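Atoms within each ligand, like the ligands themselves, are counted from 1 in listed order. These numbers were taken from a predicted model, which means no experiment stands behind them.
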Amino acid sequence: MKKALIFGITGQDGSYLAEFLLGKGYEVTGVTRRVSINTTERISHILPKLNIVEGDITDAFNVMRVIEETEPDEVYNLAAQSHVGTSFSQTHLTLDVTAGGVWNILEAIRHSPRCFDMRFYQASTSELFGKNYDETENGEKFQNEKTQFMPQSPYAVAKMAAHNMVRIYREGYGMHASSGILFNHESERRGEHFVTRKITKWVGEFVNFKRAVRKEYNLKIIETVFTEDKIMFKCGNTGEVLSKFGKLRLGNLDAYRDWGHAADYVRAMWMMLQQDSPDDYVIATGESHTIREFLDAAFNAVEIEDWSDYVMIDPEFYRPAEVDYLRGCPRKAKSVLQWEPEISFEELAYRMVKHDVKTQGLQRPDLQKVPANSFKTRQIHMSDVQEEGQESMAQCPPHNEMEFG
Ligand code: NDP
Ligand code: GDR
């Protein structure tokens, strides 16, 4: 039985990779940090099948001990301070974990008597390209393995140091060490502070909140009224304000990202380590969309066609430096690894919204009742008034904004 060791098993990718490797018959060990709350939620369904050891990649001795004791055939490093925005305010920590941690793993493998029996995967990123791209003859922009790096954040600088270190250990010491230059990949398990999940979680909360207001007041008519930063619910008959909900606050909506599903991407990680020779590969869908387009897909999934009243721009979420355009060319991964993504952009957004509408429905929302006339309104969404005025809640089950099979 092959043995795999995963640093970062509690993260989005770690959980999918662990599932995937268990499915392939691997014995899987995951490294988790000792923290004061439970961080194993994403792997709770497979926990009994995993070996869990405590560790932190910034602790060189600990990393060495874990590698020695578990004797893995394959080592996957997914651990990182992975939030680009946060890296601007926690620069040192980001460098320590996201770059320094990789040194520790590489050194531990190099000094191990089993050095050449182990294969290593490093989670590199499209953030390495930053502002840079190449162009086809038709002027289409893309990034591939040959595109020059121009990092735009402390996170990307740390990942670039790690990426180069992996290459140096591969070439200098002959280690089987590969880096996957993965473009953005999301999922139902995506961290809640990344833009896609932030959007779908908000949509899930909003849909369930509105349902709860209708149920609570047994309303025939509900008006949705938009203020600068809130969405107010009023009784359509009396005009009484019933409840309010904060708008979705976002930063730059014009950046382009090449978004895939994490389940497809962890398959590529494993495929890289099955090659006779180590190498670097771009993993991407080849399609690029703006955050506006993701908003379209997410809100359309709950039958809201125009999201502009529901979203507000908050400068807090702008970054000091931005990556404007990412679109990966996965040709090498397709021809060498035979890797293909299976989940489309539309399917990805739909799955995430479906998941968040369902899970948020299990929470009991705080309706935050507000006294009448305690705010100034800006605009009224008349379509809501007309559409919802047709229903009688006395006879109908709670309103379903979306019907999922
Ligand atoms: P997450 O942020 O979801 O997971 C990060 C993981 O790293 C968590 O398990 C976290 O543990 C762990 N970790 C953080 N600091 C340490 C530390 N000091 N020691 C040990 N473990 C630590 O990231 P993703 O799953 O989305 O991404 C996986 C990797 O791929 C990351 O390296 C990321 O930078 C990279 N990447 C991700 C892309 C994406 O679109 N998702 C694209 C390209 C690259 P804990 O749960 O305790 O916080
Ligand atoms: P990214 O992902 O920076 O590409 O890094 P993120 O989802 O954080 O941002 C994508 C784009 O959305 C814009 N944006 C916002 N982002 C966040 N997080 N929150 C907001 O409110 C918001 N509003 C607009 C951002 O400015 C950006 O342009 C991810 C991480 O997983 C990295 O670890 C990984 O390496 C890269 O993807 C590839």
Between Trp259 and Phe345, what is the ring plane arrangement, given parallel below 30°, perpendicular above 60°, and tilted in between?
parallel
Test item, Arg190 contacting ligand 1 (heavy atom, 4.0 angstrom)
yes
Is the shortest heavy-atom distance from the side chain of Glu27 to the side chain of Asn51 under 4.5 Å?
yes
Does the separation of the ring centres of Phe142 and Tyr133 fall below 6.0 angstrom?
no
Could you say whether the N/O atoms of Asn184 and ligand 1 ever approach to under 3.5 Å?
no
Looking at atom 26 (O) of ligand 2, what's its closest protein heavy atom, distance included?
Glu322 OE2, 2.6 Å
Which is closest to atom 17 (C) of ligand 2 by heavy-atom distance: Arg249, His193, Lys198?
His193
What I want to check is whether the side chains of Asn208 and Gln360 have a donor and an acceptor closer together than 3.5 Å.
no
Whether Tyr173 and Tyr169 hold their rings parallel, tilted or perpendicular, with breakpoints at 30° and 60°:
perpendicular
Heavy atom of Arg190, distance to ligand 2 below 4.0 Å
yes
Look only at interatomic distance and state if Leu182 has a nitrogen or oxygen under 3.5 Å from any nitrogen or oxygen of ligand 1.
no
Can you see whether Thr136 engages Asn138 through a side-chain donor-acceptor pair at a distance of less than 3.5 angstrom?
no
Is Glu68 paired with Arg65 through a side-chain N to carboxylate O contact shorter than 4.0 Å?
no
Tyr155 contact mode with ligand 2 (heavy-atom cut-off under 4.0 Å):
side chain
What's the shortest distance from atom 21 (N) of ligand 1 to any protein heavy atom, and which residue and atom give it?
Ala79 CB, 3.4 Å
Would you check the N or O atoms of Thr58, main chain and side chain alike, for any that come under 3.5 Å of an N or O of ligand 1?
no
Between Arg189 and Glu19 (salt bridge meaning N to carboxylate O under 4.0 Å), is one present in this structure?
yes
Heavy-atom nearest neighbour in the protein, as seen from atom 47 (O) of ligand 1, with distance rounded to 0.1 Å:
Arg33 NE, 3.1 Å
Does any N/O atom on Ser126 come nearer than 3.5 Å to any N/O atom on ligand 1?
no
For ligand 1, which atoms sit closer than 4.0 Å to a heavy atom of Ser124?
43 (C), 44 (C)
Counting C-beta onward and ignoring hydrogens, is there a side-chain heavy-atom pair between Glu347 and His261 closer than 4.5 Å?
no
At under 4.0 Å between heavy atoms, which part of Ala255 makes contact with ligand 2: side chain, backbone, both or neither?
side chain
Starting from atom 14 (C) of ligand 1, locate the nearest protein heavy atom and write down its residue, its atom name and how far away it is, to 0.1 Å.
Ala80 O, 3.3 Å
Whether Tyr325 and Tyr256 hold their rings parallel, tilted or perpendicular, with breakpoints at 30° and 60°
tilted
Considering only the protein, which heavy-atom contact is closest to atom 24 (C) of ligand 2, and what is its distance?
Asn252 O, 3.1 Å
For Thr125, is at least one N or O under 3.5 Å away from an N or O on ligand 2?
yes
Within the structure, does Val195 bring an N/O atom to less than 3.5 angstrom of an N/O atom in ligand 2?
yes
Which protein heavy atom lies closest to atom 6 (C) of ligand 1, and at what distance to 0.1 Å?
Gly8 CA, 3.8 Å
Looking at Lys146 and Asp134, does any basic side-chain N land under 4.0 Å from a carboxylate oxygen?
no
Shortest protein heavy-atom distance from atom 33 (O) of ligand 2, along with the residue and atom involved:
Ser82 O, 2.6 Å
Residues, nucleotides or ligands: over 12 heavy atoms within 6.0 Å of His45 NE2
yes
Can you confirm whether more than 12 heavy atoms, excluding those of Gln148, are under 6.0 Å from its CD atom?
no
Work out whether the distance between some heavy atom of Tyr155 and some atom of ligand 1 is less than 4.0 Å.
yes
Is it the case that ligand 1 has an N or O less than 3.5 angstrom from some N or O of Ile57?
yes
Considering the heavy atoms of Ala123, write down every atom of ligand 1 situated less than 4.0 Å from one of them.
29 (C), 30 (O), 32 (O), 35 (C)
When distances are taken from atom 3 (O) of ligand 2, the protein heavy atom at minimum range is Arg319 NH1, 2.6 Å
Asp356 bridged to Arg197 by N-O distance under 4.0 Å:
yes
Report the nearest protein non-hydrogen atom to atom 27 (O) of ligand 1: residue, atom name, distance rounded to 0.1 Å.
Asp13 OD2, 3.7 Å
Before you tell me yes or no, could you show the steps for Glu74 and Lys2 under salt bridge (charged side-chain N to carboxylate O under 4.0 Å, His left out), namely the whole-Å CA-CA distance, both residues' side-chain angles and the distance that decides it to 0.1 Å?
CA-CA 8 Å; Glu74 296 173 12; Lys2 270 194 178 177; 3.4 Å; yes
List every atom of ligand 1 that sits less than 4.0 Å from any heavy atom of Gly11, numbering the atoms from 1 in the order shown and giving each element.
3 (O), 4 (O), 8 (C), 9 (O), 25 (O)
Winner among Asn184, Thr290, Asp254 once heavy atoms are compared against atom 37 (O) of ligand 2:
Asn184
Using 30° and 60° as the class boundaries, would you call the ring planes of Trp307 and Phe299 parallel, tilted or perpendicular?
tilted
Is the ring pair Phe245/Trp202 parallel, tilted or perpendicular, if the boundaries are 30 and 60 degrees?
perpendicular
Say whether Ser82, considering both its backbone and side-chain N or O atoms, lies within less than 3.5 Å of an N or O atom on ligand 1.
yes
Salt bridge between Lys198 and Glu186, side-chain N to carboxylate O under 4.0 Å?
no
Please state whether the rings of His83 and Phe194 are parallel, tilted or perpendicular, taking 30° and 60° as the class boundaries.
tilted
List the closest protein heavy-atom neighbour of atom 11 (C) of ligand 2: residue, atom name, distance to the nearest 0.1 Å.
Ile291 CD1, 3.6 Å
Taking atom 5 (O) of ligand 2 as the reference point, the nearest protein heavy atom with its distance:
Val84 CG2, 3.5 Å
Heavy atom of the protein closest to atom 46 (O) of ligand 1 (residue, atom name, distance)
Thr10 OG1, 2.6 Å
Quick one: does Ser15 get within less than 4.0 Å of ligand 1, heavy atoms only?
no
Please confirm whether Glu186 comes under 4.0 Å of ligand 2, counting heavy atoms of the residue only.
no
Any heavy atom of Ser126 sitting closer than 4.0 Å to ligand 2?
yes
What residue and atom, counting heavy atoms only, is the protein's closest point to atom 39 (C) of ligand 1, and at what distance?
His185 CE1, 3.3 Å
Closest approach of any protein heavy atom to atom 18 (N) of ligand 1, naming residue and atom:
Asp56 OD1, 2.8 Å
Report yes if some N/O of Lys159 lies less than 3.5 Å from some N/O of ligand 1; otherwise report no.
yes
Tell me whether Arg170 is salt-bridged to Asp280, with the criterion being a basic N under 4.0 Å from an acidic carboxylate O.
yes
Which of the atoms of ligand 1 are close to Thr125, meaning less than 4.0 Å from one of its heavy atoms?
43 (C), 44 (C)
For ligand 2, find out whether one of its N or O atoms is nearer than 3.5 Å to an N or O atom of Gly251.
yes
Can you find an N or O of Gln81 that's nearer than 3.5 Å to an N or O of ligand 1?
no
From the candidates Arg257, Glu192, Arg197, the one that places a heavy atom nearest atom 4 (O) of ligand 2:
Arg257
Side chains of Thr94 and Gln81, donor plus acceptor under 3.5 Å
yes
Salt-bridged, Asp254 to Arg292, with N to O below 4.0 Å?
yes
